[in-house]
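For clarity, every value in this text was computed on a predicted model and none was experimentally measured. Just so you know, residue 1 is the first one in the sequence shown, and it goes up from there.
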Amino acid sequence: MKQTLTALLGDAAVHSLAELGDRAPHLRPYLPEHALLVTPPTPAEGAAVVACAQREGWRVLPIGAGTKLNWLGNTPKADIFLRTTAWHKLIDHAAADMTVTTQVGIPFQQLQRRLAAAGQWIAADPLFRETATLGGCLATQSNGTLRQRYGSWRDQLLGVKFIRSDGQIVKAGGRVVKNVAGYDLMKLLIGSYGTLGILTEVTLRVYPLPDAVQIWQLQGEVTALAGGLAAILGSSLAPARCVLRLEATGRLLLELEFHTLREVLVLGTLGDRLRRIAQIYDLQLERQNPLGITLNPTPDQVILKIGVPLQKMLPALTQLQQLATELACECRGEMSAGVGYVYLHGQDNHLRQLILRLRQELPRGYVTVLAAPLSLKQQLDPWDYRGNALELMRNLKQQLDATGVFSTGVFVGNL
């Protein structure tokens, strides 16, 4: 296998586990002894690797910077780890049309800095955004609490190019906002963990940078927070973020971020409206420094992704806090628009109990184990999939990857 791939790409692009040495230590725990780490210089060469893998019966796992390899459901059954970090060209920033087309290996925050020079940005705040590639953020559907106003990655994506399991590069969607041609195939790839194809290029909506940012924090009893949250969501205030936060101390609070006009800051009308809501529901209101409020996980934390109906966010976090206290686990988290991330520390057996009990007590939601030691993941189903679409997923997988090139066993249903 190494000789064949080296002939395709050259020595510098193909490495065995032994050859990596101390390089890429975050990849080593997930690379089987026989597997190769391959970094094709171009998408066309990446497509050639996939075509070769289909002929030879090798399995391919696409990765970006590898920041979320511990999010995989199992140890990947892969022969080739195909890294996309060499595909980092910004192809077209159509500022007037408010779109950007770029290869997916570009680090997310680097792309944001380049857009900021033109006064624009991508309205997403994924985890590990300083190091994660754009492709990795899309493949894992990691986009954070800005979805409250701007939607998820699927709402912001306009077009893609990707490598099929037969090694062909195909496209879906386009480069304009008003694009309705063909099937919405591109949305299948978002959040599919590389099991349907390898993204090479994407076109996304961009937005003007906010003229001004205000961040406010509301604190009080749980019932008061519930009333305040309902009032804010039912009003015309339209926060960019509306985040319920559970701190490590067990305190619950509500944080609001508004993207507004400087004139609004001068008038003070936003603060006046929030003060009235705070008075009605007996909440403490404080203005915060606009430095960003998204939590940043540490490498040793267990990370859960929780989804519940909008009105169940506060009960879910309250139940989580009670379980964490009972089981002696450290816990913090945040939820917005019914989706959130929770960060845990504790003994494996206590964490397992917490996860299983939380799943039982959230019958209308899901609790996915993203980052965790494999020893913990092997004791439960990481995905907590309770829907009825698994057969449909398998049929789609059969249609798009009949020979199993991307069947590495890392996704829902062991896909």
Checklist entry - Got more than 12 heavy atoms from elsewhere within 6.0 Å of CG, Asp282? => result no

Next on the checklist: With heavy-atom distances below 4.5 Å as the criterion, would you say the side chains of Asp272 and Arg276 are in contact?
Outcome noted: yes

Checklist entry - With under 30° as parallel and over 60° as perpendicular, where do the rings of Trp153 and Phe108 fit, or are they tilted in between? => result perpendicular

Item to check | Heavy-atom neighbours of Lys77 NZ exceed 12 at 6.0 Å | outcome: yes

Next on the checklist: Closer than 4.0 angstrom, basic N to acidic O: yes or no for Arg241 and Asp125?
Outcome noted: yes

Checklist entry - Does some side-chain heavy atom of Phe258 sit less than 4.5 Å from a side-chain heavy atom of Leu270? => result yes

Checklist entry - Can you tell if the side chain of Leu204 reaches within under 4.5 Å of the side chain of Leu157, non-hydrogen atoms only? => result yes

Checklist entry - With no hydrogens and no angle check, do the side chains of Thr408 and Arg59 hold a donor and an acceptor under 3.5 Å apart? => result no

Checklist entry - salt bridge (charged side-chain N to carboxylate O under 4.0 Å, His left out): which pairs involve residues 213-229, sequence neighbours left out? => result none

Checklist entry - Are Leu304 and Ile355 side-chain neighbours, meaning at least one heavy-atom pair lies under 4.5 Å? => result yes

Item to check | Step-by-step side chain to side chain contact (heavy atoms under 4.5 Å, CB included) determination, Ser336 to Leu244 | outcome: CA-CA 6 Å; Ser336 179; Leu244 280 168; over 6 Å; no

Checklist entry - Side chain of His259, backbone of Ala240: donor and acceptor closer than 3.5 Å? => result no

Item to check | Pairwise side-chain contact, Ile215 with Gln217, heavy-atom cut-off 4.5 Å (strictly under) | outcome: no

Checklist entry - side-chain contact (heavy atoms from CB on, under 4.5 Å) with His93: which residues, sequence neighbours excluded? => result Leu90, Ala95, Val100, Leu115, Ala118, Gln120, Val206

Item to check | Stepwise side-chain hydrogen bond (donor to acceptor under 3.5 Å, both in side chains) test for Asp348 and Ser375 | outcome: CA-CA 8 Å; Asp348 273 12; Ser375 59; 3.0 Å; yes

Next on the checklist: Keeping Lys397 on the side-chain end and Thr195 on the backbone end, is there a donor-acceptor pair under 3.5 Å?
Outcome noted: yes

Checklist entry - Hey, is the main chain of Lys89 close enough, under 3.5 Å, to the side chain of Thr102 for a donor-acceptor pair? => result yes

Next on the checklist: For the residue pair Glu45 / Thr42, report whether a side-chain donor-acceptor contact shorter than 3.5 Å exists.
Outcome noted: yes

Next on the checklist: Tell me whether the rings of Tyr150 and Trp121 are parallel (<30°), tilted (30 to 60°) or perpendicular (>60°).
Outcome noted: perpendicular

Checklist entry - Hey, does the side chain of Asp401 reach the backbone of Gln398 with a donor-acceptor pair shorter than 3.5 angstrom? => result no

Next on the checklist: Looking only at the aromatic ring of each residue, does the gap between the centers of Trp383 and Tyr366 stay below 6.0 angstrom?
Outcome noted: no

Checklist entry - For residues Thr325 and Gln321, is any side-chain donor paired with an opposing acceptor at under 3.5 Å? => result yes

Item to check | Check: Thr203 main-chain N/O paired with Thr99 side-chain donor or acceptor under 3.5 Å | outcome: no

Item to check | Check ion pair Arg245-Glu334 (N to O, under 4.0 angstrom) | outcome: yes

Next on the checklist: Donor-acceptor check, side chain of Lys377 to backbone of Asn70, threshold 3.5 angstrom: yes or no?
Outcome noted: yes

Checklist entry - Can you tell me if Trp87 uses its side chain to pair, donor with acceptor, with the backbone of Pro40 under 3.5 Å? => result yes

Item to check | Polar side chain donor-acceptor pair, Glu361 to Gln319, under 3.5 angstrom | outcome: yes

Item to check | Backbone of Gly365 reached by a side-chain donor or acceptor of Arg386 within 3.5 Å | outcome: yes

Checklist entry - Does Arg357 have any salt bridge (charged side-chain N to carboxylate O under 4.0 Å, His left out) partners at least two apart in sequence or in another chain, and if so, which? => result Glu326

Next on the checklist: Quick check on Arg364: does its CZ atom have over 12 non-hydrogen neighbours (other residues, nucleotides or ligands) under 6.0 Å away?
Outcome noted: no

Checklist entry - Run the side-chain hydrogen bond (donor to acceptor under 3.5 Å, both in side chains) check on Thr368 and Arg359 step by step: do they pass? => result CA-CA 9 Å; Thr368 301; Arg359 287 175 173 178; 6.0 Å; no

Next on the checklist: By the definition side-chain contact (heavy atoms from CB on, under 4.5 Å), identify the one residue from Thr84, Val104, Thr133 that meets it with Leu199.
Outcome noted: Val104

Item to check | Student check: side-chain heavy atoms of Leu127 and Trp71 closer than 4.5 Å | outcome: yes

Checklist entry - Does Gln214 use its side chain to pair, donor to acceptor, with the backbone of Glu257 at less than 3.5 Å? => result no

Item to check | Student check: side-chain heavy atoms of Tyr207 and Gln156 closer than 4.5 Å | outcome: yes

